[in-house]
Amino acid sequence: MKRICLTLLLSLAFFFPLTMNSAKAANNKNQNEANAKRLNLFQAIEEGLVEVQLTPKNAMECSVSVKNNSKKHLLIDMPSTFAGVPVVAQPGGRGMMGGMGGMGGMGAMGGFGGLGEMDAMGIGGRNQDRMGGGLGSRSGSSGNSGGNQSFGGGMGGGRSSGMGGRGGGMFSIAPEKTVREKVRTVCLEHGKKDPTPNVKYTMVPLETYTNSKTTQTLCSMLANEEIDQYALQAAVWNEENGLTFDEMAVKTTRNSGLEHPRPFFQAQQIVLGQQILAQAVKEAQELEKQEQQEDQEQIELIEEEKVLAETIQQEDQTIENLTDQLLNGNNKE
C-alpha cells in the first residue's frame, strides 16, 4: 500500500508541473492572440509585415507559406482567391514581378490554384502531359504572351458558394514564425508551360489578374475538395480562354511510357464542367447585382449625408441671422 501511494505521489510530482506549464503556455498563446493585430493578407504584404512564398508542385497544387516578419503576433485573414504571378528574370540575375503576367517571360498564376502539365491526381494516372494549344484570354485577364502558364484558385474567403465553398480562414502567426498550407489550383492560361518549384511566383489579388467574376467564382470553388478538379478546370478554360467543351471533349494527352494518346477529360467531367460553369455564372451575376445594389445604396447614403449637411448649414445660418436681428434690436433700444 505504501509503495502504491509513493508511486502516485511521484507521478503527481512529475505530471503536475507539466500540466501547469501546458496550461500556462495555452493561456499565453490566447493572450497573444487577443492582443494580436488582425488584417488581411494583402494589407499585411503591403505593410511589409509578412512575406509570402508560393511553391507550385505542379499545375494542380501549390504550397503557400506566410512568414511573420514582425516582432508581434499577427492574425492574417486569407483571401478568397489570389493570382500567382511568375517573377520575370532580368539580365544580371535580377528579377522583377511579372505584374499581372503581361510583361513577357513567364506567365502569372491566379488564385490558390492552377493546371497545365498535370500530374496524376485522382483521375486514374492520366492527364500528365503538357496541355498545349494556348488560346489566350477573352475575359480581360492580363496574362503574358509566353512562358509558364498562369494558374488560379481559392480558399473560399468566407463567402459560401452554392457549390460548397468554404471560408478562406485565418492564420495565427507567432513573431518571426512561418505557417504553410497546400491549396488546389487551376490553369488560367491554356497551352503554356506548367508551373514548377523552380519557377518563382508572387501573389496578387485574382481580381487584378482577371475581371471575370465567373472565373473568380470558379476559383473560389477550389476550396471544396468534393468538386472534381478536372471538371472545374474545363469550366475555367471555357470562361477564361474561350476553349469550347466540344474541343475539350476530344483533347488528348500523351503520357510518358504510353504508346497512344489518351483523352484528357473523361466524358462525365465535361458534363460536370458545364454544370459547374452554369452555377458559377449564376452566382457571379448575383454577386455583381449585389455589388451594384451596395454601390447604389452607398451613393444614396452620400447624397442623404450631403442633404443633411446642407440642411444643418441652412439652419445654422438661420439661427445666426435671428441672433443678429435680436442683437441689433437690443442695440436700438
Side-chain angles (χ1 to χ4, degrees), residues 15-58 60-85 87 97 108-114 151-161 163-186 195 197 200-209 216-227 229 287:
F15 287 109
F16 185 73
L18 292 179
T19 304
M20 292 294 292
N21 290 335
S22 298
K24 184 177 180 180
N27 183 62
N28 289 339
K29 180 182 178 181
N30 292 335
Q31 186 65 32
N32 288 335
E33 290 187 355
N35 297 329
K37 182 177 182 179
R38 182 168 182 172
L39 63 172
N40 68 62
L41 180 63
F42 293 116
Q43 181 184 355
I45 294 174
E46 185 176 351
E47 295 183 12
L49 296 175
V50 301
E51 177 182 341
V52 177
Q53 181 177 353
L54 302 181
T55 307
K57 177 182 178 181
N58 47 45
M60 299 188 72
E61 182 181 326
C62 178
S63 174
V64 180
S65 300
V66 183
K67 180 182 179 182
N68 182 354
N69 288 331
S70 73
K71 302 292 184 180
K72 297 182 179 180
H73 205 103
L74 294 176
L75 299 178
I76 304 298
D77 290 314
M78 300 304 291
S80 60
T81 56
F82 76 86
V85 181
V87 176
M97 288 177 55
M109 46 179 187
F112 274 94
F151 68 79
M155 299 181 72
R159 185 168 63 88
S160 178
S161 166
M163 299 298 292
R166 58 181 172 81
M170 180 182 68
F171 282 172
S172 175
I173 316 177
E176 301 180 329
K177 297 296 182 180
T178 301
V179 295
R180 295 177 178 84
E181 182 169 341
K182 291 182 180 179
V183 293
R184 300 201 305 167
T185 58
V186 290
K200 187 175 181 180
Y201 282 85
T202 189
M203 180 189 288
V204 297
L206 180 60
E207 58 269 23
T208 64
Y209 176 85
Q216 296 166 21
T217 300
L218 288 168
C219 286
S220 71
M221 291 179 181
L222 282 164
N224 184 354
E225 296 183 358
E226 295 182 359
I227 297 180
Q229 197 166 352
L287 178 61

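This is a predicted model, so every value here is computed, not measured. One is the number of the first residue; the rest follow in order along the sequence.
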Would you say [X] and [Y] make side-chain contact, with heavy atoms under 4.5 Å?
{"X": "Met170", "Y": "Ile76", "answer": "no"}
{"X": "Met221", "Y": "Gln229", "answer": "no"}
{"X": "Val66", "Y": "Glu181", "answer": "no"}
{"X": "Arg180", "Y": "Thr178", "answer": "yes"}
{"X": "Leu49", "Y": "Gln43", "answer": "no"}
{"X": "Lys177", "Y": "Val179", "answer": "no"}
{"X": "Asp77", "Y": "Leu41", "answer": "no"}

Side chain to side chain contact (heavy atoms under 4.5 Å, CB included) evaluation trace for Leu74 with Val50 | CA-CA 9 Å; Leu74 294 176; Val50 301; 3.8 Å; yes

Examine distances only and state if a side-chain atom of Asn58 and a backbone atom of Glu61 form a donor-acceptor pair shorter than 3.5 Å.
->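 Present.
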
Separation between [atom1] of [X] and [atom2] of [Y], rounded to the nearest 0.5 Å:
{"X": "Tyr209", "Y": "Gln216", "atom1": "OH", "atom2": "CD", "answer": "12.5 Å"}
{"X": "Leu222", "Y": "Ile227", "atom1": "CG", "atom2": "CD1", "answer": "8.0 Å"}
{"X": "Ser172", "Y": "Leu75", "atom1": "OG", "atom2": "CG", "answer": "5.0 Å"}
{"X": "Ser63", "Y": "Gln53", "atom1": "OG", "atom2": "CD", "answer": "8.0 Å"}
{"X": "Ile173", "Y": "Asn68", "atom1": "CD1", "atom2": "CG", "answer": "6.0 Å"}
{"X": "Asn69", "Y": "Ile45", "atom1": "CG", "atom2": "CD1", "answer": "10.5 Å"}

Do the charged groups of Glu47 and Lys37 touch, with an N to O distance under 4.0 Å?
-> yes

Considering all heavy atoms, the nearest Pro205-Phe42 contact |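 Result for this residue pair: N-CZ, 3.5 Å.
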
